[in-house]
Trainee: 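Below is the structure I would like to discuss, written out as structure tokens.
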Amino acid sequence: MMRTHRGGELKTSDVGTTVVMCGWVGNRRDHGGVIFVDLRDSSGIIQVVIDPSDEGLDVGRRLRNEWVLRVTGSVRERPAGTTNDDMATGQIEVGAVAVEVLSESEPIPFPLDDRVEVDENLRLRHRYLDLRRDAMQSNLRLRARVNSAVRLAMEAQGFCEIETPMLIASTPEGARDFVVPSRLKPGNFYALPQSPQLFKQLLMVGGFDRYFQIARCLRDEDLRADRQFEFMQLDLEMSFADQQDVIEATSKAVVAAAKAARPDAAVGEVGRITWHEAMDRFGSDKPDIRFGMELTELTAIFSATEFRAFADVEAVKGICVPGEADATRSKVDALVDRAKQLGAAGLVWMRVRDTENGVDLESPVAKFLTETERKAVVVALGAVPGDLVLIASGERHKTCQILGQIRLDLGRPPVTEGLAFVWVVDFPLFEGLTDDGKPIPAHHPFTMPHAEDIDRLESDPLSVRSQAYDLVLNGWELGSGSVRIYRPDIQQRIFSMLGIEAEEAHSKFGFLLDAFAYGAPPHAGFAFGLDRLVAILAGEENIREVIAFPKTQSGTDPLTNAPTAVDDKQLGELGLRLLPKKA
RNA sequence: GGUCCUGUGGUGCAGUUUGGAGUGCACGCCGCCCUGUCAAGGCGGAGGCCGCGGGUUCAAAUCCCGUCAGGACCGCCA
């Protein structure tokens with residue numbers, strides 16, 4: 001037996017016990033006649049006291065940080081006045097009677113304490129060291145608890161966990177596929193799955209009416225703070241179920257995850273908002289509802305205005321920034337620049353002041369507005385003296401998006417603050433038209449149109465809502481789902497609207513359409529990103545902090561040096577030859 | 001494909017605006033001293049291609065151009 005105890009778990013009640021522990025030297029304090037070693041293992045830290053004059057303990061002199069030890073000793077209370085209340089085990093210590101060096105360590109390339117933020121590239125190059133840090137240990141352990149809670153929640157609801165293949169056929173829709181050359185069929189390629197989408201629908205046809213999987217998904221698109229090539233999703237699909245059923249089942253899983261990760265945090269009912277209302281109030285289809293500063297409708301106030309920027313536009317929207325009336329000119333100019341960068345024609349700012357004339361707006365453009373207009377803006381926004389009012393105008397959707405982004409810039413709380421889940425429902429089925437007039441699907445082409453809107457499919461496609469729904473947490477899109485089309489006639493109407501010929505549809509999705517010909521149950525599903533969920537629950541702004549071995553923004557791994565070249569023999573077996581490098 | 005930020009002993013920074021000897025701080029590392037520390041303390045020491053290449057200049061960490069690496073974002077992510 002290597003060890004009897006883990007140091008971090010020792011308690012005052014263990015005083016008097018002889019223990020054998022294994023761990024790393026977290027820190028050593030050599031006082032000459034007595035040496036303190038903070039022995040670290042997965043459970044925490046315990047202070048080991050070594051008297052180097054004792055027989056066999058002169059090894060204590062040689063010890064260095066990150067050496068691996070096996071320590072035998074007895075648990076004792078610390079002498080009065082030497083306890084450490086900042087440590088979980090600060091009331092006790094282990095008096096060493098034997099110290100065995102299991103492994104020595106070179107000085108490590110960066111400190112493991114959290115007092116300095118080390119260059120991320122260096123951390124990734126030595127990720128095995130970085131993982132020893134408290135923050136990484138607790139993030140990955142939190143992640144494991146979330147996985148476990150999600151799995152339990154799904155099983156408790158009668159979902160069956162089924163794995164789907166990693167080597168699949170490439171389909172041209174959606175994100176860029178990662179592609180794997182076939183050795184047995186040279187010149188042909190597998191794709192790695194962007195999601196198990198088509199397979200889970202086949203499972204529904206196959207009679208598994210409640211499927212789930214903690215699935216690895218791969219997309220060859222540029223990386224971001226919240227996006228890696230490969231990521232994990234809780235993927236689920238239900239037969240004989242509607243949007244409400246899916247939302248309830250998924251909500252149980254995320255609430256269970258949140259409770260597992262943050263037992264002390266308040267996680268209430270998961271709210272719901274329509275896409276239209278989310279755009280209108282928050283200027284985003286992934287609203288961060290943790291704070292106010294909502295977008296206010298001002299269009300009617302300026303219906304007859306003389307002010308050019310607000311006249312004859314689709315929408316005038318404003319937000320009220322509390323207490324920012326004295327923002328410097330350079331700060332408000334920066335806001336105007338930001339709005340322009342986001343595609344706005346401009347941004348009107350006005351300081352709310354207490355004047356002899358009552359509460360009024362002070363701004364270079366105030367003189368172009370009537371007093372009635374100014375007062376109406378103050379009332380509509382609920383502004384009080386000391387506030388700063390920002391107003392944008394133009395095409396409705398764009399105006400909302402721009403103000404929504406500025407709202408986030410100015411008011412977004414830190415990631416650690418609060419947990420606000422919200423379902424966004426009633427997305428439009430199409431998000432616009434291509435140049436040749438074909439509608440662009442907002443989700444995938446198997447998304448069921450809203451029952452009430454289906455008659456307008458051809459006559460007014462942009463007004464058609466879909467039975468698609470997103471789950472949002474603190475303004476991060478966690479995932480999306482939909483009720484699927486299972487009726488060939490509706491599917492055919494959608495395909496023909498999108499300009500997908502029968503032959504093309506068959507070559508791309510033929511196996512799914514074939515399957516639907518044999519008694520397809522109505523079904524609906526969802527998938528949400530576990531990396532993003534775990535990051536927010538861990539209070540991290542970057543999903544790399546909750547992934548053991550992530551890639552850099554340029555898609556490399558500084559630890560293994562992936563991706564690497566392969567030799568010609570390997571290429572030959574695959575029937576491949578590299579093109580000459582571009583000059 | 002694009003915009004912006006960063007790159008200085010092992011680590012984290014200052015120095016770059018306004019060119020003048022690799023100058024400084026903290027941590028770590030090595031040695032010696034030290035029996036109650038816990039970011040131990042004291043004394044001493046080692047350690048630098050200022051990311052790389054070119055240019056301007058009497059002189060470049062500093063200015064200019066290019067390039068590489070990392071990061072944030074736009075495009076992209078049905």
Side-chain angles (χ1 to χ4, degrees), chain A residues 26-40 45-54 60-62 64-66 76 78-87 89-91 93 95 105-126 129-130 171-177 194-195 197-198 217-229 231 338 341-343 405 409 427 429-432 439-447 466 468 477 480 482 494 498 500 508-509 527 529 541-542 544 550-556 558 561:
Chain A
N27 190 18
R28 90 205 125 87
R29 295 173 292 281
D30 185 344
H31 287 238
V34 62
I35 300 165
F36 301 98
V37 168
D38 291 338
L39 191 71
R40 184 190 71 240
I45 288 174
I46 181 76
Q47 173 166 283
V48 171
V49 186
I50 299 171
D51 185 338
S53 63
D54 284 353
R61 290 251 179 272
R62 291 175 50 232
R64 292 294 182 270
N65 285 345
E66 300 307 318
R76 65 197 188 201
R78 294 193 186 187
T82 67
T83 58
N84 183 347
D85 291 337
D86 296 331
M87 269 175 90
T89 59
Q91 306 304 309
E93 62 190 17
S105 172
E106 298 286 320
I108 52 174
F110 57 91
L112 299 188
D113 60 48
D114 291 323
R115 286 180 293 147
V116 287
E117 196 163 321
V118 177
D119 177 70
E120 195 181 351
N121 200 35
L122 186 65
R123 289 174 54 202
L124 292 181
R125 203 154 71 229
H126 303 278
L129 294 178
D130 192 47
T171 54
E173 258 71 28
R176 190 179 297 113
D177 277 329
Q194 297 175 25
S195 80
Q197 181 64 38
L198 299 174
C217 305
L218 298 107
R219 294 178 190 175
D220 188 5
E221 298 292 350
D222 286 3
L223 294 76
R224 289 280 195 284
D226 62 351
R227 274 160 40 187
Q228 285 270 307
F229 283 153
F231 56 99
R338 174 68 168 154
Q341 180 199 336
L342 292 166
Q405 184 57 56
D409 291 350
F427 271 73
L429 187 63
F430 304 109
E431 63 185 16
I440 303 164
H443 203 51
H444 58 60
F446 314 112
T447 304
S466 71
E477 182 191 325
S480 58
S482 62
I494 299 283
L498 300 177
I500 299 176
K508 285 175 181 169
F509 315 112
E541 290 179 12
N542 193 311
R544 294 189 299 271
K551 304 278 189 291
T552 66
Q553 197 166 72
S554 57
T556 64
N561 277 325

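This structure is a prediction, so every number in the text was calculated from the model and none was measured. To find a chain, count down the sequence lines: A is the first, B the second, and so on, and within it residues start at 1.
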Trainee: How far, in whole Å, is B:G9 from B:C33 if one measures between their P atoms?
Mentor: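 My reading of the P atoms in B:C33 and B:G9 gives 33 Å.
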Trainee: Check the interface with nucleotides 1-4 of chain B: list each N/O to N/O pair with the protein under 3.5 Å, or write none.
Mentor:
{"from": "B:G1", "atom 1": "O6", "to": "A:D222", "atom 2": "OD2", "distance (Å)": "3.4"}

Trainee: Taking only the C1' atom of each, what is the distance from B:A72 to B:G44 in whole angstrom?
Mentor: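 So the two C1' atoms sit 45 Å from each other.
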Trainee: Using the P atom as the reference point in each nucleotide, state the distance between B:C5 and B:G66 in Å, no decimals.
Mentor: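 Those two atoms are separated by 14 Å.
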Trainee: Counting the atoms with a prime plus P, OP1 and OP2 as sugar-phosphate, which does A:E120 contact under 4.0 Å by heavy atoms, base, sugar-phosphate, or nothing?
Mentor: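 Sugar-phosphate contact only - A:E120 comes under 4.0 Å of backbone atoms but never of a base.
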Trainee: Under 4.0 Å, counting only non-hydrogen atoms across every strand here, what does A:T447 touch: a base, just sugar-phosphate, or nothing?
Mentor: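 Here A:T447 touches no strand at all.
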Trainee: Taking the P atom of each, how far is B:G12 from B:U17, in whole Å?
Mentor: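 B:G12 and B:U17 have their P atoms separated by 24 Å.
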Trainee: Pairing check on B:G22: which nucleotide meets the Watson-Crick or G-U wobble criteria with it, both distances under 3.5 Å?
Mentor: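 Its partner: none found.
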Trainee: Got A:N65 and A:I108 here, is their nearest side-chain heavy-atom distance under 4.5 Å?
Mentor: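 No. Closest side-chain heavy atoms not under 4.5 Å.
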Trainee: Go ahead and name the base partner of B:G45; Watson-Crick or wobble counts if both distances stay under 3.5 Å, otherwise write none.
Mentor: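 Per the H-bond distance test, B:C29.
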Trainee: Please report the distance separating the P of B:U23 from the corresponding atom of B:A60, rounded so that it comes out in whole Å.
Mentor: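 It comes out at 15 Å once rounded to the nearest Å.
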Trainee: Just the rounded figure in Å: distance from P of B:G10 to NE2 of A:H126.
Mentor: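 Distance, rounded to whole Å: 12 Å.
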Trainee: Would you please say whether a donor-acceptor pair under 3.5 Å links the side chains of A:N84 and A:Q91?
Mentor: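 Not at all, the side chains of A:N84 and A:Q91 share no donor-acceptor pair under 3.5 Å.
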Trainee: Describe the nucleic acid contact of A:D220 in one word from base, sugar-phosphate, nothing, applying a heavy-atom distance below 4.0 Å.
Mentor: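 If one applies the 4.0 Å heavy-atom cut-off, A:D220 turns out to touch nothing in the nucleic acid.
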Trainee: What nucleic acid atoms does A:I440 come within less than 4.0 Å of, heavy atoms only: base, sugar-phosphate, or nothing?
Mentor: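 No contact at all - A:I440 keeps every heavy atom at 4.0 Å or more from the nucleic acid.
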Trainee: Which nucleotide, if any, forms a Watson-Crick or G-U wobble pair with B:C63, using both distances under 3.5 Å?
Mentor: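 Its partner is B:G55 (Watson-Crick or G-U wobble, both distances under 3.5 Å).
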Trainee: Anything under 30° is parallel, anything over 60° is perpendicular, the rest tilted; go ahead and classify A:H126 against A:F110.
Mentor: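 A:H126 vs A:F110 ring planes: tilted.
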Trainee: With both distances under 3.5 Å as the test, what is the Watson-Crick or G-U wobble partner of B:A69?
Mentor: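 Result: B:U6.
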Trainee: Answer with yes or no whether the side chains of A:Q47 and A:R29 bring together a donor and an acceptor at under 3.5 Å.
Mentor: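 The answer is yes; a qualifying pair exists.
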Trainee: Need one value for A:Q194: base, sugar-phosphate or nothing, where a base atom within 4.0 Å counts as base even if backbone is also close, heavy atoms only.
Mentor: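 Counting heavy atoms under 4.0 Å across all strands, no contact is made by A:Q194.
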Trainee: Under the criterion of centre distance below 5.5 Å and interplanar angle below 30°, is A:F36 classified as stacked on the base of B:U37?
Mentor: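 Per 5.5 Å and 30° rule: yes, stacked.
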Trainee: Please report the distance separating the P of B:U62 from the corresponding atom of B:U6, rounded so that it comes out in whole Å.
Mentor: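 Taking atom P in both B:U62 and B:U6, they lie 14 Å apart.
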Trainee: RNA chain B: A:G90 or A:L122, which has the more 5' nearest nucleotide?
Mentor: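 Its nucleotide being nearer the 5' end, the pick is A:L122.
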Trainee: To the nearest Å, how far apart are A:F231 CZ and B:C77 P?
Mentor: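 In whole Å, B:C77 P lies 13 Å from A:F231 CZ.
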Trainee: Taking atom CD of A:E431 as the centre, report whether more than 12 heavy atoms of other residues, nucleotides or ligands fall under 6.0 Å from it.
Mentor: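 Check passes, neighbour count above 12.
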Trainee: Assign each of A:P441 and A:N542 to its nearest nucleotide of RNA chain B by heavy atoms, then name whichever residue's nucleotide is nearer the 5' end.
Mentor: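 Nearest nucleotide further toward 5': that of A:N542.
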Trainee: Can you find a donor-acceptor N/O pair under 3.5 angstrom joining the side chain of A:R123 to the base of B:U11?
Mentor: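 In this structure, the two groups form no donor-acceptor pair.
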Trainee: Are A:R219 and A:R227 close enough that some pair of their side-chain heavy atoms sits under 4.5 Å apart?
Mentor: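 No - every pair of side-chain heavy atoms lies 4.5 Å or more apart.
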Trainee: So, do A:R64 and A:R28 sit near enough that their side-chain heavy atoms are less than 4.5 Å apart?
Mentor: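 A side-chain contact exists here, since the closest heavy-atom pair is under 4.5 Å.
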Trainee: Could you state the atom-to-atom distance from CG of A:L223 to P of B:C77 in whole Å?
Mentor: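 The answer, rounded to whole Å, is 14 Å.
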Trainee: When you compare B:C63 with B:U16, how far apart are their P atoms, in angstrom units rounded to a whole number?
Mentor: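 Rounded to whole Å, the distance is 9 Å.
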Trainee: Determine the contact category for A:T82: base if any of its heavy atoms lies under 4.0 Å from a base atom, sugar-phosphate if only primed atoms, P, OP1 or OP2 are that close, otherwise nothing.
Mentor: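 Base contact.
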Trainee: Could you check whether A:D86 gets within reach of a base, just the sugar-phosphate, or nothing at all, counting any heavy atom under 4.0 Å?
Mentor: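 No contact.
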Trainee: Counting C-beta onward and ignoring hydrogens, is there a side-chain heavy-atom pair between A:H443 and A:S480 closer than 4.5 Å?
Mentor: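 Heavy-atom side-chain distance check passes, below 4.5 Å.
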Trainee: Nearest to the A:R28 side chain among B:C30, B:G71, B:C76, which nucleotide is it?
Mentor: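 Closest nucleotide among those given: B:C30.
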Trainee: Say we look at B:A26 and B:G15: how far apart would their C1' atoms be, to the nearest angstrom?
Mentor: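 Looking at atom C1' only, B:A26 and B:G15 are 15 Å apart.
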